[in-house]
Amino acid sequence: QVQLVESGGGLVQPGGSLRLSCAASGTIFSINAMGWYRQAPGKQRELVAAITSGGSTNYADSVKGRFTISRDNAKNTVYLQMNSLKPEDTAVYYCNADTSDYDPSKSDYGMDYWGKGTLVTVSS
C-alpha cells in the first residue's frame with residue numbers, strides 16, 4: 001500500500017552534482033526515519049545517509065562533507081544532495097522509510113518500506 005517514489009537519478013561527470021528525491025505516500029502512522037542506501041554491482045548494500053523525524057542525521061564516512069540529507073516531514077519526503085561526485089559513487093540508490101506501521105505478518109508494529117531504486121552513474 002505504501003509507495004516510495006524516487007526521482008533525480010541520472011548520468012553526471014565526476015565533480016558534478018545530483019539531487020535525489022523520495023516521496024512516501026499511502027497510509028502511514030509515523031515515519032521514524034528515512035534514508036538512502038546504495039548498491040553497486042557485486043557489492044553489498046550500504047547505508048549512505050539517514051535522517052530521523054527529529055532531524056538528526058547519519059552519514060557513511062565515504063560521503064561525509066559531500067552529501068547532505070534533508071527532509072520535509074509534512075510531505076513525507078527526503079532529499080539527498082550529492083556534490084563532488086566520484087566514479088565510486090556509481091550505484092543504484094534506494095530510498096528507505098522506517099515506520100511504526102502495523103505488520104500483519106508479525107502481528108506487531110514496525111515496518112520498513114523500500115523504493116525501486118534509481119541509477120546514478122558518475123562517468124566522463
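Looking at residues two or more places apart in sequence or on another chain, you find a side-chain contact (heavy atoms from CB on, under 4.5 Å) between S123 and L11, T121. Annotation: side-chain hydrogen bond (donor to acceptor under 3.5 Å, both in side chains) contacts of T68 (sequence neighbours excluded): none. Take V122 and apply the side-chain contact (heavy atoms from CB on, under 4.5 Å) test, not counting sequence neighbours, and it matches V12, P14, L85, P87, D89, T90, V120. Checked against side-chain hydrogen bond (donor to acceptor under 3.5 Å, both in side chains), D61 has the following partners two or more places apart in sequence or in another chain: K64. For N32, the side-chain hydrogen bond (donor to acceptor under 3.5 Å, both in side chains) partners are D98, S100, not counting sequence neighbours. Considering only residues two or more places apart in sequence or on other chains, S124 meets the side-chain hydrogen bond (donor to acceptor under 3.5 Å, both in side chains) condition with none of them. For F67, there are no ring pair (Phe, Tyr, Trp, His ring centres under 6.0 Å) partners, not counting sequence neighbours.
Residue pairs satisfying the disulfide (SG to SG under 2.5 Å) criterion with at least one member in residues 45-92, sequence neighbours excluded, are absent. Under the side-chain hydrogen bond (donor to acceptor under 3.5 Å, both in side chains) criterion, the residue pairs touching residues 3-17 are S17-N83, with sequence neighbours excluded. Counting only residues at least two apart or on different chains, the ring-ring contact (aromatic ring centres under 6.0 Å, His included) pairs with a member in residues 33-63 are Y37-W114. Among residues at least two apart or in separate chains, disulfide (SG to SG under 2.5 Å) pairs with a member in residues 52-123 are C22-C95. Counting only residues at least two apart or in different chains, salt bridge (Lys or Arg N to Asp or Glu O under 4.0 Å) contacts with residues 39-57 comprise R38-E46.
L4 and A24 make their closest contact through CD2-CB, 3.4 Å (heavy atoms, listed as atom of the first residue, atom of the second, distance).
Under the 4.5 Å side-chain criterion, counting only non-hydrogen atoms from C-beta, L20 is in contact with M82. Contact check for K106 versus M111: no side-chain heavy atoms found under the 4.5 Å cut-off.
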Full working for side-chain contact (heavy atoms from CB on, under 4.5 Å) between T99 and Y113
CA-CA 8 Å; T99 77; Y113 298 93; 3.5 Å; yes
Report task. Please assess R71 against Y79 for the test side-chain contact (heavy atoms from CB on, under 4.5 Å), listing each intermediate value before the final yes or no. Result -> CA-CA 6 Å; R71 88 280 184 265; Y79 307 92; 5.9 Å; no
TODO: Would you please test T118 and V92 for side-chain contact (heavy atoms from CB on, under 4.5 Å) and show each step?
DONE: CA-CA 5 Å; T118 184; V92 177; over 6 Å; no
